[in-house]
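A quick note: this is a predicted structure, and the numbers were derived from the prediction, not measured. Here is the naming used below: chain letters follow the sequence lines, and residue numbers restart at 1 for every chain.
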Protein chains: 2
Amino acid sequence: MERKEVQTRRMKGYFIQAAKEILRGEGFRSISVRNIADRAGYSYATLYNYFKDLQALIFDCVSDFQDECTLFVSGKVQKTQQGVPRIKAIVRAYMQYFVQYPGIFELFFIEKLSDSGSRQSLMELIATHLDQLCSDAWDFCVQENRFSREDVGILRIQIRNMVTGQLLFYIHRRTPESYQECVEVMEKQINYLLDN
Amino acid sequence: MERKEVQTRRMKGYFIQAAKEILRGEGFRSISVRNIADRAGYSYATLYNYFKDLQALIFDCVSDFQDECTLFVSGKVQKTQQGVPRIKAIVRAYMQYFVQYPGIFELFFIEKLSDSGSRQSLMELIATHLDQLCSDAWDFCVQENRFSREDVGILRIQIRNMVTGQLLFYIHRRTPESYQECVEVMEKQINYLLDN
DNA sequence: ATAATATATTAACAGTGTTAATATTTCAAA
DNA sequence: TTTGAAATATTAACACTGTTAATATATTAT
């Protein structure tokens with residue numbers, strides 16, 4: 001009974017791995033049951049022995065990518081000093097991650113991952129992810145009297161919206177045209193908000 | 001030769017009308033060539049006699065909706081005094097329009113309307129639409145020395161990102177859960193930006 | 001080795017956009 | 001008004017999509 005467990009988990013892993021490769025590479029539009037199964041080395045119907053449907057598989061991918069994103073940002077930011085500089089660094093790294101993998105941005109913010117059991121909670125995790133990453137830095141700011149608790153409450157959402165909006169227009173609509181421009185605009189925005 | 005013109009335009013109109021109804025009602029996910037043609041009272045292949053492909057038809061819908069949105073906002077705002085109050089009213093009306101028709105929001109900001117001739121320019125029109133609506137009000141603010149030209153340049157993008165991000169999370173991810181909450185958050189954000 | 005169970009695969013269905021071949025309608029000339 | 005040509009509409013088909021039921025193949029226990 002325990003070997004079953006590990007075997008099943010391994011099989012799921014093959015499909016998840018395949019799906020993640022496609023999402024990272026070609027993006028969400030190239031995802032299909034047959035495509036994933038091919039890459040995993042199985043028939044398309046086999047996937048349904050391990051996942052309720054395609055959505056369930058994709059949800060597992062989302063969780064994985066979220067952890068991956070957290071690691072990426074944490075690694076890039078640890079040396080930066082706490083407070084405002086840390087927040088700026090987190091936002092930069094966060095954007096960098098999604099620009100590097102546009103398919104993951106689409107997966108997180110664009111695709112209508114339709115209703116399922118744990119859908120709502122996972123969607124909430126995505127919506128508050130950047131916020132969570134900045135949590136300590138915000139606390140630091142409050143303790144240092146850099147911002148009031150009230151202002152922080154507003155600024156958190158403001159930055160979340162600003163970053164998501166900026167990424168939406170750049171990744172999805174090529175506005176602005178270059179990544180450099182995109183970052184420059186973002187820096188201006190965040191400086192306007194945080195430097196006072 | 002002129003009757004051909006008017007006939008063709010009329011036929012296109014039938015399909016556009018049908019597509020717009022579906023987009024307004026069921027949203028983008030319910031759009032299909034057969035669905036549109038059914039509603040227009042023709043076979044699915046007939047559509048291809050008047051549009052290069054489905055994308056072309058949808059692009060025409062986008063243009064229509066954009067004009068419609070402009071009219072909606074203008075109508076709701078004309079009595080509001082110029083400057084900051086006008087900007088706030090415009091943003092409120094703009095959000096209201098898309099909340100009323102979530103399918104149109106998806107069409108404008110979510111769907112990957114893939115490459116075509118006039119794609120880029122149309123996408124740019126969408127990205128700058130809210131900006132255009134606020135244009136006069138911003139000029140008024142500068143003339144009254146309420147904001148510097150520099151700050152206005154930043155604030156315009158900030159508001160565009162804030163509104164789009166807020167709508168993305170609300171319409172697409174149900175965050176926050178109620179429209180009232182959504183508006184309240186938005187008001188806080190915009191007040192923070194514009195009241196000084 | 002055989003019977004029972006678990007797993008993998010193929011076939012099929014209803015849906016999608018799109019095109020080519022056909023059917024129908026429109027309309028000008030005889 | 002009838003005939004022939006051009007324009008327009010429709011059906012059939014293709015390659016996709018997700019998903020399920022029926023079938024084939026492995027694995028395991030007796």
Options D:dT17, C:dT19, C:dA8, nucleotide nearest the side-chain atoms of A:Tyr42: C:dA8
Side-chain ion pair, B:Glu26 and B:Arg39, N-O less than 4.0 Å: yes
Nearest-neighbour nucleotide for the A:Leu54 side chain, D:dT19, D:dT17, C:dG17 considered: D:dT19
Residue A:Tyr50, side-chain heavy atoms: nucleotide from C:dA8, D:dT10, C:dG17 that is nearest: C:dA8
Distance (rounded to the nearest 0.5 Å) between A:Leu130 CG and A:Phe98 CZ: 8.5 Å
Proximity to the side chain of B:Thr46 - top-ranked nucleotide from D:dA9, C:dT19, D:dG18: D:dA9
Carboxylate-amine/guanidinium proximity below 4.0 Å for A:Asp195 and A:Lys88: yes
Closest to the B:Tyr44 side chain, choosing from D:dT19, D:dA9, D:dT11: D:dT11
Closest listed nucleotide, where the reference is the side chain of A:Arg34 and the choices are D:dG18, D:dA9, D:dT11: D:dG18
A:Phe51 CZ - C:dA8 C1' separation (whole Å): 16 Å
Parallel, tilted or perpendicular, as decided by the 30° and 60° cut-offs, for the rings of A:Phe15 and A:Tyr42: tilted
Terminal helix-axis angle for the helix from C:dA1-D:dT30 to C:dA30-D:dT1, with five pairs defining each axis and rounding to 10 degrees: 30°
A:Arg173/B:Glu124 salt bridge by N-O under 4.0 Å criterion: no
Under-4.0 Å side-chain N/O to phosphate OP1/OP2 contact, A:Ser43 with C:dA8: no
Closest listed nucleotide, where the reference is the side chain of A:Asn49 and the choices are C:dA20, C:dC27, C:dT9: C:dT9
Atom-pair distance (CZ on A:Arg10; P on C:dA8), nearest Å: 12 Å
Parallel, tilted or perpendicular, as decided by the 30° and 60° cut-offs, for the rings of A:Tyr179 and A:Tyr170: tilted
